[in-house]
K.L.:
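This is the structure I want to talk about, given as structure tokens.
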Amino acid sequence: MIKGALALLVQGGGENWLPHLWKERFLDVCAGRPIVLLPDEAVDPGEVHYAAVWKPPAGALAAFPHLRAIFNLGAGVDALLADRTLPKVPVVRVSVDDLTKRMTEYVVLHVLMHHRQQLYLWNCQRQGLWEPRAQWAAGAIRVGILGLGTLGLDAASALRRLGFQVAGWSKSPKDIHGVESFHGPDGLEPFLKRTNILVCLLPLTPDTRHVLNRRVFALLDHSSPLGAPVLINAGRGGLQVEADILACLNDGTLGTVTLDVFETEPLPADSPLWHHPGVIITPHNAADTDPEEISRYVARQIARFEAGEALDNVIDLARGY
Ligand code: GLV
């Protein structure tokens, strides 16, 4: 039996998103299934049963009448769901250990960076200054994680092991050993008021757009040895109001920030964020994931689906994640 083709459409830039590499990975793991790299004029749209995509242009998947499932090659599906012409088939997000671990590395790295005053130390180094400041214990700092899905939970447990006081906020209640949990609109304010380092791992949905704004920053706690609170956003740029972040850094509402994601990506060359002394910028690579892991995950899901089993990690389209 000829297997329905899997169409691959990968955009994004950077070494991790080279389309031909993704095609090689999928050919390796999809045992005889035709893999087509879009755009491809020669492909018969009726033969495509699956699509694996990263940031496809709007409308790109509407042409395939027999599509059975769409696999998003990352954790966040906001760009995909913005496409109003998306075929009405299950959309599956990536959830593999490799991605989770890389995100936890990023969160731990940047929490430690701010906790250990690394921006100050780099500044001293550039000036040839040997001027250590007093350093406090991890237990003196309260980290708050916005978003307690797979990624938030793993990061929370790693931070807890390092001795930080960790809390999390999520839409619905969670019961997590050792992590103080807040939820819903009423839980947000008490969560922010106890937080010194705010880590955002929320999905971008109409409810969460621009949640990282001045009103929220103003509620964060200033009483820790860090002084002004810290923001780390590794979710999506649409969660943040960059003008508020800059203004809050400049008036001391925020102390320092790490941003992996931006309202416009790549971050425009004239953004004042690039050169702000309180800002660490990374190019949306917090959790770039091994294409081999992801292609194996997709191939496994297709095999199970064709054997009549349910797909895992299907997006709830009403919720948006
Ligand atoms: C990366 O941004 C992802 O959504 O996996």
Side-chain angles (χ1 to χ4, degrees), residues 8-19 21-22 25-26 51-58 60-61 69-83 86 90-110 145-155 170 199-209 211-212 231-240 242 258-267 280-298 300-301 311-317 319-321:
L8 252 179
L9 210 178
V10 175
Q11 302 196 124
E15 290 181 350
N16 218 41
W17 293 108
L18 298 173
L21 285 184
W22 282 87
R25 297 289 178 270
F26 273 95
V53 298
W54 184 241
K55 298 189 179 163
L61 298 179
I70 300 170
F71 296 90
N72 187 60
L73 296 174
V77 291
D78 45 292
L80 194 54
L81 299 194
D83 180 354
L86 205 64
V91 175
V92 175
R93 72 181 161 81
V94 163
S95 176
V96 292
D97 262 12
D98 182 69
L99 189 152
T100 306
K101 289 197 174 107
R102 292 183 194 217
M103 184 57 92
T104 293
E105 278 180 12
Y106 185 89
V107 171
V108 169
L109 171 69
H110 287 273
I145 302 183
L146 269 175
L148 282 177
T150 312
L151 302 179
L153 283 178
D154 197 66
S170 52
V199 176
C200 180
L201 295 175
L202 288 171
L204 178 61
T205 69
D207 284 347
T208 61
R209 183 170 292 281
V211 66
L212 300 175
L231 167 69
I232 298 172
N233 184 13
R236 281 289 183 268
L239 297 164
Q240 72 203 13
E242 282 163 22
T258 287
L259 303 174
D260 184 53
V261 288
F262 300 91
E263 289 171 350
T264 303
E265 293 182 9
L267 181 62
I280 299 176
I281 284 176
T282 53
H284 198 149
N285 72 342
D288 269 359
T289 301
D290 183 358
E292 237 167 276
E293 286 276 332
I294 297 184
S295 48
R296 274 200 298 267
Y297 163 86
V298 172
R300 258 194 325 269
Q301 289 240 45
L311 292 163
D312 280 336
N313 303 311
V314 175
I315 298 304
D316 176 339
L317 296 177
R319 254 183 3 177
Y321 61 96

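Whatever order the structure lists them in is the order used to number ligands and atoms, beginning at 1. Heavy-atom basis, side chains included; hydrogens, waters and symmetry copies ignored.
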K.L.:
Taking only residues two or more places apart in sequence, or in another chain, which ones meet I281 in a side chain to side chain contact (heavy atoms under 4.5 Å, CB included)?
P.N.:
F262, L267, L273, W274, V279

K.L.:
What are the two closest heavy atoms between P56 and L80, and how far apart are they?
P.N.:
CG-CD1, 3.6 Å

K.L.:
Heavy atoms under 4.0 Å from ligand 1: which residues qualify?
P.N.:
W54, G74, A75, G76, L99, R236, H284

K.L.:
Can you name the residues that form a side-chain hydrogen bond (donor to acceptor under 3.5 Å, both in side chains) with D288, not counting sequence neighbours?
P.N.:
none

K.L.:
Would you say the side-chain atoms of Y297 and N313 include a donor-acceptor pair closer than 3.5 Å?
P.N.:
yes

K.L.:
Quick check: closest heavy atoms across A69 and L311, and the distance to 0.1 Å?
P.N.:
CB-CD1, 4.0 Å

K.L.:
Not counting sequence neighbours, which residues clear side chain to side chain contact (heavy atoms under 4.5 Å, CB included) with A51? List them please.
P.N.:
V53, L61, L67

